[in-house]
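Quick note: residue numbers are just sequence positions, from 1. What you are looking at is a predicted structure, and each value in this text was computed from that prediction instead of being measured.
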Amino acid sequence: MSWLPLSFGAPMVLWGLLALPVIWWLLRLTPPKPQTEVFPPLKILARVLRREETPQQSPWWLTLLRLLMAALVVMALAEPVFNPRERLPAEGSALALVIDNSWASAADWGKRVATAERLIADAGSNGVPIVIAFTAEKPNAEIGPFDASAALDHLRAARPRPIPTDRPAVYARVAAALERLPGASVAVLADGLAAKGDEAAFKTLLEKNAKRVVWATSDRPSVTGLIGADNQVDGFALTAIRAPGNPAPAQVTAGAFDDKGRRIADATLTFAPGEAAATATMAVPFELRNDFASIALDGEHQAGAVRVLDESSKRRRVGLLSQAEADQAQPLLSPLYYIRRALQPFADLVEPSSADLADAIPQLLDQKPAMIIMADVGTIPEQVRQRLVDWVDKGGTLVRFAGPRLAAAGNDDDLLPVRLRSGERALGGALSWTTPQAVTEFPKNGPFADLSPPSEVTVSRQVLAEPTPDIVERTWATLADGTPLVTGMKKDKGTLVLFHVTPEATWSNLPISGTFVEMLRRVVQLSRNQGAAIANAEATAASLAPYRMIGADGMLTPPSPDARPLVPGAGPLPVTLENPPGLYGSETGVFAHNLLEASSTFAPLVRPQVSLPVTAIPYAFDESENLKGPLVAVALLLMALDTLAVFWMGGLLARRPRRAAVATTAAVLVVLGGLFGHADLARADDSKPGDAQAIDDISKTRIAYVITGEPGVDSISRAGLEGLTRFLIEKTALEPGPPAGVDITKDELSFFPLIYWPIDASAPMPSQAAIARIDAYMQQGGTVLFDTRDQFSNGIGAGSASPATERLRDILANLNVPPLEPVPSDHVLTKSFFILPEFPGRFSGSPLWVEASLDASNTENRPVRTGDGVSPIMITANDFAGAWAVDENGDPMLPTVPPDPMQRVYALRAGVNIMMYMLTGNYKSDQVHVPVLLERLGQ
């Protein structure tokens with residue numbers, strides 16, 4: 001029964017309103033209580049003579065009050081709901097909830113959870129079991145069946161994952177679970193994107209044991225993803241996609257960010273009506289493009305809108321040098337023609353203006369190239385030779401091609417990877433017994449190991465290498481007869497590479513093959529780090545540790561416990577729960593593993609055609625309001641008024657003031673007790689706000705942390721303080737209570753001796769009023785531990801501050817901050833419990849800043865002369881909470897940097913020293929004066 005916007009959960013109770021006339025009649029027949037009078041005969045007679053009073057019926061206003069109270073009770077028992085929602089079809093033998101928690105569901109995950117909660121609530125009211133499964137979780141995750149309470153726990157513990165769905169496997173598990181529960185309702189909460197195997201997956205799920213289908217749809221626009229970010233000649237080429245068939249044009253802005261998170265470039269991509277792809281170019285200088293660390297689409301809070309970049313996305317400057325004169329009439333015979341065509345798409349090519357090697361080589365070196373290619377260059381002039389050798393030793397990559405000039409020039413141990421035989425070798429022809437040789441399998445110790453040997457390439461002439469013990473290690477490509485085709489070696493920090501054929505198609509047809517382009521590209525990739533390393537079998541097969549992961553919301557986060565090392569391969573690597581998208585490696589070098597491939601497309605998920613009844617529902621929050629509690633509260637209030645009115649009419653308030661006051665007070669206390677007892681129904685709390693929390697806060701010593709509003713930061717802060725609390729209980733006599741999160745704009749701060757404040761640049765800037773409350777807290781004896789967590793991002797005192805440090809400076813600018821200094825070696829903090837020379841956290845190297853001593857020059861008396869107070873402010877960049885953070889099993893949540901197990905122990909000891917210092921002040925430093933004090937007392 002429903003009258004919009006009001007409905008009733010038990011409408012049959014409303015028939016009780018028909019009893020109101022009966023109640024009215026009974027109230028009229030019930031006279032009020034007679035008044036008790038002291039016997040004054042004349043006064044009574046006088047009143048009787050003046051007017052006649054008979055207690056025949058209650059006053060009309062009291063009758064109306066009681067009728068209204070009865071009506072409110074009846075309506076409350078009918079469970080009225082304002083703005084009611086439609087009851088969902090969660091019935092049958094069971095409810096099967098299959099929920100997509102992939103990256104595409106991250107943007108409106110809250111609505112999806114609210115929709116699932118309504119389905120679970122309705123299933124719980126019907127008393128049916130619930131099977132709940134997520135399509136982007138571990139394959140062995142428990143799916144039920146559960147009761148409503150357990151299903152809600154599983155739902156609220158789930159979160160979106162930055163990986164695609166696996167509907168076939170999950171739907172098969174749900175179908176197997178429903179074999180024992182035939183006739184179930186199946187609710188599909190999909191992310192809206194089609195995936196491979198959907199048709200078979202829905203057939204498996206719905207064809208046998210399903211009785212009804214609930215299909216949830218989203219009201220948000222089509223999801224947009226970034227599939228391409230290529231560093232080309234004139235700029236960064238971007239490609240974005242959306243689901244096809246969208247008739248509305250759309251524009252999306254992409255931003256490029258450096259490794260510090262600073263935005264350094266923008267581009268706008270425009271989708272034409274009905275188009276599924278949009279492109280744009282970030283036309284920025286060559287040097288600035290090489291600083292790009294990631295590119296993200298604005299307003300798209302999901303992993304598909306972010307691409308992280310590694311060294312392979314950075315263009316390098318390549319210098320080209322040849323002694324042969326270019327023939328404009330026959331460009332195909334130019335030594336550099338095929339090299340230019342091969343390198344132009346992914347390198348910045350520069351050539352000298354002079355043909356004289358003495359001038360050309362310095363011109364190239366002045367432009368600081370990552371690689372220099374010499375096409376049949378013979379003897380290097382002596383006046384520039386040493387400068388070229390130094391360039392290679394410092395990280396340059398020198399690639400040389402053979403030819404008549406190089407064959408006649410002789411050996412050069414500093415600029416060639418192998419020693420050469422004099423002259424050249426001809427294969428095939430009238431005067432040779434041999435035939436042109438093909439290219440065989442590429443050696444496993446070279447950068448071309450994963451390339452397939454080109455069957456169409458043959459070599460008719462080459463320069464031969466002298467056989468030496470290390471010739472096999474330096475061979476990157478060989479001919480069928482075992483002679484080297486390409487050799488290379490690492491020289492100091494640089495690399496030397498030699499192609500034993502010419503760069504034009506005279507000695508071999510290799511330059512006109514596709515393999516030649518890929519070989520040059522691999523060599524250019526070796527020069528990305530200025531020749532820092534040569535690829536080998538171990539490097540290509542080695543696993544890379546997770547470094548920075550892309551979360552489902554598109555933010556870069558530390559690796560999760562589920563992340564595992566990634567083994568790079570030749571083809572596209574799958575994105576899984578063990579290998580989520582992000583950066584793998586270390587600070588010295590990373591590998592970019594992105595969610596979407598260049599060939600990825602989006603297709604909308606089509607509702608399967610089934611013969612079952614289908615109910616379509618939107619993803620939405622529950623906006624209904626239960627009125628039972630407020631109605632009961634109003635009825636109790638009217639009951640209190642009725643009680644006071646009866647006391648007044650009975651004369652208790654007029655004849656015996658003291659007894660009346662006692663009775664009135666007792667009645668009010670009874671009514672208030674009833675109100676408090678039904679506070680959950682009335683949804684109101686008449687007690688002073690914060691009383692219970694204040695009692696809890698002062699009952700035990702507790703460490704507090706500032707709630708920043710960033711879920712990831714706040715969860716790590718709480719887990720970190722829980723880890724420190726466990727360590728304090730284990731190692732000291734102090735037994736703190738659980739850590740408390742405080743809102744500095746409204747919570748009482750004076751209950752906590754220490755407040756840990758993680759500074760995050762993405763969190764909102766505190767208001768002036770909030771900063772003033774922090775300032776008052778510090779002035780009244782409290783201490784705030786500011787942690788910028790940016791030790792490796794230019795922390796305190798660096799020339800270029802990180803965003804977190806900049807935010808800290810903005811906050812401190814509004815506080816009365818005393819002069820600060822790093823903790824001296826003789827400060828109380830270094831010996832308040834443990835003896836500590838430094839205070840590391842998850843990172844190490846940043847000092848812990850405290851209030852400077854009054855007499856900093858007097859190192860002998862400094863710890864004592866500071867008085868009994870403690871520093872009101874501490875600042876670090878070492879991420880204390882990240883080192884202290886533990887999960888519910890007590891295991892560390894985040895790795896230390898560097899990964900040293902003792903660093904976490906020292907970080908916990910630093911936390912103990914800080915707490916002991918906060919609670920005891922300079923007690924430890926006063927102990928050094930005990931002998932002097934005892935001596936004076938003896939005098």
Check your understanding: Going by the angle between their ring planes, with limits at 30° and 60°, are Phe516 and Phe499 parallel, tilted or perpendicular?
Key -> perpendicular
Main chain of [Y], side chain of [X]: is a donor-acceptor contact present, judged purely on distance under 3.5 Å?
X      : Y      : result
Asn579 : Pro565 : yes
Asn594 : Val308 : yes
Thr896 : Pro898 : yes
Arg474 : Val418 : no
Arg400 : Leu498 : no
Ser508 : Thr458 : yes
Asp376 : Ser322 : no

Just so I know, are the side chains of [X] and [Y] near enough to count as touching, which here means a heavy-atom distance under 4.5 Å?
X      : Y      : result
Val284 : Phe236 : no
Ile380 : Leu415 : yes
Arg521 : Val524 : no
Leu365 : Ile372 : yes
Arg421 : Glu466 : yes
Pro369 : Trp391 : yes
Gln462 : Leu479 : yes
Leu420 : His500 : yes

Roughly how far, to the nearest 0.5 Å, is [atom2] of [Y] from [atom1] of [X]?
X      : Y      : atom1 : atom2 : answer
Arg789 : Asn878 : CZ    : CG    : 12.5 Å
Ile241 : Ile227 : CD1   : CD1   : 4.5 Å
Asp310 : His593 : CG    : NE2   : 12.0 Å
Arg307 : Leu596 : CZ    : CG    : 7.0 Å
Trp476 : Met489 : CH2   : CE    : 10.5 Å
Asp230 : Thr279 : CG    : OG1   : 11.5 Å

Any donor-acceptor pair under 3.5 Å linking the side-chain atoms of [Y] with those of [X]?
X      : Y      : result
Ser353 : Gln363 : yes
Asp481 : Thr483 : yes
Glu504 : Thr506 : yes
Thr468 : Asp470 : yes

Atom [atom1] of [X]: over 12 foreign heavy atoms under 6.0 Å:
X      : atom1 : value
Glu456 : CD    : yes
Arg419 : CZ    : no
Tyr906 : OH    : no
Arg387 : CZ    : yes

For [X], check side chain to side chain donor-acceptor pair (under 3.5 Å) against everything at least two apart and list the hits.
X      : result
Gln386 : Asp390
Asn411 : none
Glu518 : Arg522

Looking only at heavy atoms, what is the nearest atom pair of [X] and [Y], with distance?
X      : Y      : result
Met282 : Phe292 : SD-CE2, 3.9 Å
Phe843 : Ala877 : CD1-O, 3.8 Å
Pro453 : Val439 : CB-O, 3.8 Å
Val384 : Ala358 : CG1-O, 3.4 Å
Ser354 : Asp356 : OG-N, 3.1 Å
Ala293 : Asp259 : CB-N, 3.5 Å

Review point. After noting the C-alpha distance and the side-chain angles of Tyr547 and Leu556, does the key distance pass the side chain to side chain contact (heavy atoms under 4.5 Å, CB included) rule?
Key: CA-CA 10 Å; Tyr547 182 62; Leu556 288 178; over 6 Å; no
**Study point:** Carboxylate-amine/guanidinium contact Asp291 Lys260, below 4.0 Å
**Key:** no
Check your understanding: Does the side chain to side chain contact (heavy atoms under 4.5 Å, CB included) test come out yes or no for Asp412 and Arg385, once each step is laid out?
Key -> CA-CA 11 Å; Asp412 189 341; Arg385 182 178 178 280; 2.6 Å; yes
Review point. Which of these, Arg317, Arg340, Lys368, sits in a salt bridge (charged side-chain N to carboxylate O under 4.0 Å, His left out) with Asp348?
Key: Arg317
Review point. Given Val575 and Trp103, is the side chain to side chain contact (heavy atoms under 4.5 Å, CB included) satisfied, shown in steps?
Key: CA-CA 11 Å; Val575 175; Trp103 61 271; over 6 Å; no
Practice item. Under the side chain to side chain contact (heavy atoms under 4.5 Å, CB included) rule, what do Leu510 and Val459 come out as? Steps first, then yes or no, please. Key: CA-CA 8 Å; Leu510 175 65; Val459 175; 5.8 Å; no
